[in-house]
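In what follows, chains carry the letters A, B, and so on, assigned in the order in which the sequence lines appear, proteins first and then strands, with residues in each chain numbered from 1.
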Amino acid sequence: MSEKKIKNVFVEGAITPLKIADAIAHHQIKTNIGAHDIFLGQVRADEINGKIVKAIDYSAYEEMANKVFDEIREAAFEKYDLTCAHIYHSKGIVKAGELCLFVFTSSKHRAMAFDATRYITEEIKAKAPIFGKEIFEDETHTWKVNK
Amino acid sequence: MSEKKIKNVFVEGAITPLKIADAIAHHQIKTNIGAHDIFLGQVRADEINGKIVKAIDYSAYEEMANKVFDEIREAAFEKYDLTCAHIYHSKGIVKAGELCLFVFTSSKHRAMAFDATRYITEEIKAKAPIFGKEIFEDETHTWKVNK
Amino acid sequence: MKLAVKYFGMIAEAIGKQEEQLEITGNSVLEVDVFLKNKYAKLEFLNYKFAVNQVLVDGIKRLKENDEIALLPPFAGG
Amino acid sequence: MKLAVKYFGMIAEAIGKQEEQLEITGNSVLEVDVFLKNKYAKLEFLNYKFAVNQVLVDGIKRLKENDEIALLPPFAGG
């Protein structure tokens with residue numbers, strides 16, 4: 001088996017707007033890119049049985065999740081003509097209003113970036129072993145389940 | 001006729017990564033948002049007949065373009081269940097690698113944001129009276145035409 | 001009829017101006033087009049659409065005094 | 001057969017631990033599931049999938065000594 005280095009997708013806590021700006025800025029030297037599409041997941045202050053979610057505490061089977069993210073990224077490169085594809089996901093506490101997922105694809109033309117970011121996002125929701133404890137304002141909790 | 005205030009979509013020169021970070025940060029108080037989708041258009045250093053594009057000088061029929069952008073945004077709100085929708089487009093010189101278009105939609109769930117950002121981007125390309133002079137490294141130029 | 005005529009992009013470049021006031025005979029967009037092609041021979045070889053008062057129109061659109069008519073080459077936004 | 005067993009999310013919460021080494025009789029995932037449900041009655045009421053050595057598997061998957069087996073509740077990434 002090849003000794004491929006698997007990237008670590010996980011970021012401790014919320015993903016900051018500045019991290020996103022930084023990622024965008026790093027692509028301005030790639031002058032063959034014409035289009036970027038960015039998906040951001042944000043934690044909602046959902047009301048569940050009369051209680052308000054104030055944060056999600058994310059945990060993951062990290063070794064497996066990083067492999068799954070790597071496979072998703074590889075599959076995206078095979079399906080779409082991309083220049084770049086980056087994925088970041090939070091672990092630990094992310095408060096309502098903060099960002100927990102950052103998917104960023106770049107391509108020469110827009111259609112590929114649109115398709116790829118959507119594909120990657122759907123794949124993450126379905127396949128990445130990440131778990132979310134929704135913490136209410138009264139410190140009780142429930143477990144989030146992706147639809 | 002109602003005296004609706006039409007927003008000015010145009011930004012002088014390139015759209016900066018920091019402006020994008022700032023726009024994202026402003027949405028973190030909206031805790032009913034679960035998903036953002038951002039499209040960014042970037043100027044490519046295309047080779048055309050052996051010459052390399054070094055910048056695009058954008059001009060527009062601004063009064064009409066702002067009305068068109070407003071109609072596109074209104075149509076997006078009617079078609080999709082959105083929390084927010086923002087559009088910015090450059091005028092003047094944008095160098096290869098820099099950003100000329102920023103489309104940003106937010107929604108409770110991801111499908112609406114994905115659909116809306118794509119819809120708005122396609123509508124802009126087809127309907128906004130914006131013109132692009134592609135300037136080559138030798139200072140000659142050609143006129144860009146959207147496909 | 002007096003009209004405000006605006007030129008953009010490669011049209012403005014070809015004609016050498018961005019706007020002008022013109023006294024035109026006829027009252028449809030089609031007639032304005034014929035008038036302008038007589039005045040500016042280069043227009044014959046360029047591709048453009050018309051907007052009247054900032055709305056895209058076709059050739060049968062009727063004009064009125066002081067309308068703003070614009071010649072729009074292919075769009076390149078985004 | 002000795003296995004490294006990992007629990008995540010609501011499963012870890014229900015069982016009260018995140019991992020353990022277990023000596024299990026049988027050599028399929030299905031047999032491990034029966035073993036664990038006998039050991040932890042709460043599992044009967046929880047929804048989960050199995051991964052062996054970080055790959056999702058079904059019940060007929062055969063195990064070998066020192067495999068890592070994980071109980072994964074519904075995913076919530078994104």
Side-chain angles (χ1 to χ4, degrees), chain B residues 1 6 9-11 15 39-44 46 53 55-72 87-91 94 99-103 117-135 140-147, chain C residues 2-22 24 28-30 32-33 35-37 39-78:
Chain B
M1 247 165 58
I6 302 282
V9 156
F10 291 97
V11 171
I15 295 162
F39 177 81
L40 301 172
Q42 182 166 304
V43 171
R44 285 193 313 268
D46 277 348
V53 172
I56 297 182
D57 185 359
Y58 285 104
S59 57
Y61 187 6
E62 286 190 48
E63 309 91 302
M64 177 175 165
N66 278 321
K67 282 186 196 171
V68 168
F69 281 116
D70 191 68
E71 285 162 13
I72 293 171
I87 308 170
Y88 299 96
H89 199 292
S90 295
K91 61 178 181 177
V94 182
L99 304 171
C100 55
L101 172 62
F102 173 25
V103 178
T117 293
R118 191 163 195 160
Y119 168 81
I120 290 171
T121 305
E122 296 299 337
E123 288 285 285
I124 290 169
K125 299 251 180 194
K127 294 184 179 170
I130 297 175
F131 315 100
K133 191 157 99 173
E134 295 185 302
I135 301 168
T140 60
H141 69 263
T142 186
W143 290 90
K144 184 172 173 249
V145 174
N146 279 347
K147 277 173 285 210
Chain C
K2 199 166 70 184
L3 297 174
V5 189
K6 295 193 163 220
Y7 309 104
F8 290 94
M10 70 178 84
I11 306 288
E13 182 179 61
I15 288 181
K17 62 183 84 169
Q18 296 190 316
E19 55 188 314
E20 63 187 328
Q21 299 284 328
L22 285 180
I24 290 175
S28 71
V29 166
L30 209 59
V32 173
D33 193 28
F35 179 94
L36 290 172
K37 280 180 171 140
K39 189 169 163 69
Y40 301 111
K42 285 183 180 171
L43 286 179
E44 200 65 60
F45 308 100
L46 294 170
N47 178 16
Y48 52 90
K49 292 177 188 173
F50 283 99
V52 171
N53 300 331
Q54 302 160 18
V55 175
L56 282 182
V57 294
D58 59 21
I60 60 165
K61 168 76 181 178
R62 298 283 144 180
L63 295 159
K64 51 186 200 313
E65 190 77 12
N66 292 320
D67 272 352
E68 179 177 294
I69 185 165
L71 279 68
L72 306 177
F75 299 166

Checklist entry - Should L43(C) and Y48(C) count as side-chain neighbours, where that means a heavy-atom distance under 4.5 Å? => result yes
Item to check | Note, F10(B) side chain near N66(B) side chain (heavy atom, < 4.5 Å) | outcome: yes
Item to check | K6(C), part contacting chain B, at a heavy-atom distance under 4.5 Å | outcome: side chain
Checklist entry - Contact part of N47(C) toward chain B, heavy-atom cut-off under 4.5 Å: side chain, backbone, both or neither? => result neither
Structural part of [X] lying under 4.5 Å from a heavy atom of chain C:
X       : answer
I130(B) : both
Y58(B)  : side chain
K67(B)  : side chain
A126(B) : backbone

Next on the checklist: I'd like to know whether Y40(C) forms a side chain to side chain contact (heavy atoms under 4.5 Å, CB included) with K17(C), so could you lay out the CA-CA distance, the side-chain angles of the two residues, the decisive distance to 0.1 Å, and finally the verdict.
Outcome noted: CA-CA 11 Å; Y40(C) 301 111; K17(C) 62 183 84 169; 3.2 Å; yes
Checklist entry - Under 3.5 Å, is there a donor-acceptor pair between the side chain of K144(B) and the main chain of A76(C)? => result yes
Item to check | Short side-chain to backbone donor-acceptor contact, N146(B) and K125(B), under 3.5 Å | outcome: yes
